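The chains referred to below are lettered A, B, ... by the order of the sequence lines, with proteins before strands, and numbering in each begins at 1. Since this is a predicted model, take the numbers as computed values, not measurements.
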Amino acid sequence: QKEVEQNSGPLSVPEGAIASLNCTYSDRGSQSFFWYRQYSGKSPELIMFIYSNGDKEDGRFTAQLNKASQYVSLLIRDSQPSDSATYLCATRTTSGTYKYIFGTGTRLKVLA
Amino acid sequence: DTAVSQTPKYLVTQMGNDKSIKCEQNLGHDTMYWYKQDSKKFLKIMFSYNNKELIINETVPNRFSPKSPDKAHLNLHINSLELGDSAVYFCASNPGGTPNYGYTFGSGTRLTVV
């Protein structure tokens, strides 16, 4: 089982809709969770992090964390074509020297 | 002024050659990383240095050797390149010791081995 799992997509949503991206993780002790956006041919860019159960909002982005169910999600409201990218979920390991484990990413396509 | 810069951006080379990738960060971060991203976008950690000390060394062929001359620089040398080494290599940094701080990535080096 992969440590961080995401549906590879593509997830297609119409412009203006809410895009919902999901991520599950296997390390129950994980404390910190990150969402990165990666445009094609570019480097990943941090857009959100969350470490407490519940919701965290930043502009059009909302991260949701449920540690009991071991999932974290990212909602993008009022999706724009410029949001089309791959979204990578990452968690920080809890054992040994900490490092960040990434999922394989979900490709989002926002249709104009 | 680029926060994490990598050179070169593209590298095309023949099998068996030796090549190096350089990374520099001007953020004052203590920890630097090398990640490999394959064609399916999976980012896998290779190495990490904290203030010039190697702290993470994943299961990577010993043809790959990192070097950190100071905490602002982390280089990656690859010997005897193989076709399977073709990927995008990202350097990243973060302050270290701060659990809720993500990475700042460099722009990546696309390595193609022919």
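- Contact of the A/Gln38 side chain with the B/Gln37 side chain is registered, since non-hydrogen atoms from C-beta on lie closer than 4.5 Å.
- For chain A, no part of B/Gln6 is nearby; none of its heavy atoms comes within less than 4.5 Å.
- Every residue two or more places apart in sequence or in another chain that forms a ring-ring contact (aromatic ring centres under 6.0 Å, His included) with B/Phe90 is listed here: B/Phe105.
- The list of salt bridge (charged side-chain N to carboxylate O under 4.0 Å, His left out) pairs with a residue in residues 64-74 of chain B, not counting sequence neighbours, reads B/Asp30-B/Lys71.
- Annotation: A/Lys42, atom NZ; neighbour count of heavy atoms from other residues, nucleotides and ligands within 6.0 Å does not exceed 12.
- Environment of NZ in B/Lys22: sparse, with no more than 12 heavy atoms of neighbouring residues, nucleotides or ligands closer than 6.0 Å.
- The backbone N or O of B/Gly106 lies less than 3.5 Å from a partner atom in the side chain of A/Ser43, making a donor-acceptor pair.
- Atom CG of B/Leu43 sits about 10.5 Å away from atom OG1 of A/Thr104, to the nearest 0.5 Å.
- The list of salt bridge (charged side-chain N to carboxylate O under 4.0 Å, His left out) pairs with a residue in residues 62-78 of chain A, not counting sequence neighbours, reads A/Glu57-A/Arg77.
- Proximity to chain A is limited to the backbone of B/Lys40, based on heavy atoms less than 4.5 angstrom apart.
- For a heavy-atom cut-off of 4.5 Å, chain B lies close to A/Thr86, A/Leu88 in residues 79-88 of chain A.
- Contact check for A/Phe34 versus B/Tyr103: no side-chain heavy atoms found under the 4.5 Å cut-off.
- In this structure, A/Tyr71 places its OH atom where only 12 or fewer heavy-atom neighbours from other residues, nucleotides or ligands lie under 6.0 Å away.
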TODO: Determine, step by step, whether B/Tyr35 and A/Tyr100 satisfy the side chain to side chain contact (heavy atoms under 4.5 Å, CB included) criterion, reporting the C-alpha distance in whole Å, the side-chain angles of both residues, the deciding distance to 0.1 Å, and the verdict.
DONE: CA-CA 10 Å; B/Tyr35 273 81; A/Tyr100 296 81; 3.8 Å; yes
